[in-house]
Novice: 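Dumping the structure here so I can ask a few things about it.
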There are 2 protein chains.
Amino acid sequence: MPKDAKTSIRKFYQTNKRMPTYSEIMKMLCFKSKNAVFKLVKKLAAGGFLEKDESGKLIPARLYEQTRILGSIQAGFPTPAEEELVDTISLDEYLISNKDATFILKVSGDSMIDAGILEGDLVIVDRSITPKNGDIVIAEVDNDWTIKYLVKTKTQIYLKPGNKLYKPIYPENELKIAAVVKAVIRKY
Amino acid sequence: MPKDAKTSIRKFYQTNKRMPTYSEIMKMLCFKSKNAVFKLVKKLAAGGFLEKDESGKLIPARLYEQTRILGSIQAGFPTPAEEELVDTISLDEYLISNKDATFILKVSGDSMIDAGILEGDLVIVDRSITPKNGDIVIAEVDNDWTIKYLVKTKTQIYLKPGNKLYKPIYPENELKIAAVVKAVIRKY
DNA sequence: ATTATAGGTGAACAATCGTTCACCAACAAG
DNA sequence: CTTGTTGGTGAACGATTGTTCACCTATAAT
């Protein structure tokens, strides 16, 4: 008896990191004819669950690497079965625009807790962005790297901690800003 | 003249969401023989940049959907060129374990600011986890959904806001907990 | 001058690819 | 009973797959 097609294909993609071939789908769904797969794929593609290449190869349509996003939960949670109408995103795509200039680093210290950035959080930083006033930046101060607000006034540039216990840092000579913080992620 | 192989292949994967075929690599690198690709792939695979299937198909090795992670930036930022030795992760894989039970929703209100969860943040929640004492949960209170700490004592269960201005919520009858917060992400 | 070695061409290989055809059983609608 | 429709089998198709072989340069080392 064939297992559920969608979840089987999704699981294949998740483990093999590529879409299965028609023969492979045939085997994993216990079909005995490739044509059965051909017709099944046609249906799934019409339903938007799959997409095909110009050469016929399968490519992952949404909801593969993606996670369902809920605008508001007022209406209650959808069950995993009725997973159709909600929007989905890929976290990587959502958070990272310029991949080559993007790094992740772990926050140490509590100098930004008022900005909701705690010790142990991961920050996604972009080195290709020119920092603006108010941006949270990674800067070098006294041969040490810290995360602070960047404040640009007409007369000067300085770093402001997101913690009232700490004082702003006014650079003596040069202020080296390494990257701009684009996102914060915290895992429990 | 052939362009740089690595970036070309990566770009192909990024746009087509699958690895190129030998012939396709041949065309995009302006080779005239598939064997040239065969040898090139062999080298890249030995260098760890590529991986091959048991059937010879290319599968994306790390650093495709992935982002470089820096344990500490004390040593300074690496340049995009010397991107070898650093560790990399995929944010989706890192943050989401049980994909079918995972949802993303946007935080409204300031009841968790002391926990570093601000209004507008996205929280990644898992519906398949049984909530423990101290977990941050999504719960239904008075036909409304809120995000709070869950406190379990021997005698009772209640919800504690992560904001000193608000009081704990003691459920009158039943306490409906919809999901456990696994991660928080914030984009600037 | 000779010898490797790395990197490319060009042709051939069996295997597998996606696709198409004819055919069949089950089932529901008329 | 007939008539579609749906979902499957089985065989065949040309095209493309990854791979291998022999051969051809360059450039560098001995």
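Here is the naming used below: chain letters follow the sequence lines, and residue numbers restart at 1 for every chain.
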Novice: Could you tell me whether B/Lys32 contacts a base, only the sugar-phosphate backbone, or nothing, with contacts defined as non-hydrogen atoms closer than 4.0 Å?
Specialist: sugar-phosphate
Novice: Would you mind telling me which of C/dT19, C/dT9, D/dT9 lies closest to the side-chain atoms of A/Lys34?
Specialist: C/dT19
Novice: Report the residue (B/Thr21 or A/Lys43) whose heavy-atom-nearest nucleotide on DNA chain D is the more 5′ of the two.
Specialist: A/Lys43
Novice: For atom NZ of A/Lys42, is the number of surrounding heavy atoms from other residues, nucleotides or ligands below 6.0 Å larger than 12?
Specialist: no
Novice: Which residue, B/Ser33 or A/Glu24, contacts DNA chain C at a nucleotide closer to its 5' end, judged by nearest heavy atom?
Specialist: B/Ser33
Novice: Take atom CE of A/Met19 and atom C1' of C/dG18, then tell me their distance rounded to the nearest Å.
Specialist: 15 Å
Novice: Would you say C/dT16 has OP1 or OP2 under 4.0 Å from some side-chain N or O of A/Tyr22?
Specialist: no
Novice: Give a yes/no verdict on a cation-pi contact between B/Lys160 and B/Tyr149, requiring under 6.0 Å between NZ or CZ and the six-membered ring centre and an angle within 45° of the axis.
Specialist: yes
Novice: Rounded to the nearest 0.5 Å, what separates atom NZ in A/Lys43 from atom NZ in A/Lys39?
Specialist: 11.5 Å
Novice: Quick one, A/Ile177 and A/Leu150 - any side-chain contact, counting heavy atoms below 4.5 Å?
Specialist: yes
Novice: For B/Leu29 and C/dG8, give me the distance from atom CG to atom C1', rounded to whole Å.
Specialist: 13 Å
Novice: What is the distance, rounded to the nearest whole Å, between atom CZ of B/Arg18 and atom C1' of C/dC17?
Specialist: 12 Å
Novice: Does the pair A/Asp126/A/Lys182 count as a salt bridge with the N-to-O cut at 4.0 Å?
Specialist: no
Novice: Would you kindly give the CZ-to-C1' distance between A/Phe38 and D/dG7, to the nearest whole Å?
Specialist: 14 Å
Novice: Could you tell me the separation between the CE atom of A/Met26 and the C1' atom of D/dG7, rounded to a whole number of Å?
Specialist: 16 Å
Novice: Measure NZ/A/Lys42 against C1'/D/dT6 and give the value in whole Å, please.
Specialist: 14 Å
Novice: State whether the distance check finds a donor on one side and an acceptor on the other, under 3.5 Å, for side chain B/Asn35 versus base C/dG8.
Specialist: no
Novice: How close or far is atom C1' of D/dG7 from atom CZ of A/Phe31, stated in whole angstroms?
Specialist: 8 Å
Novice: Taking only the side-chain heavy atoms of A/Ser23 (C-beta and beyond), determine which of C/dC17, C/dT20, D/dG8 contains the nearest atom.
Specialist: C/dC17
Novice: Separation of A/Lys39 atom NZ from C/dG18 atom P, in whole Å?
Specialist: 17 Å
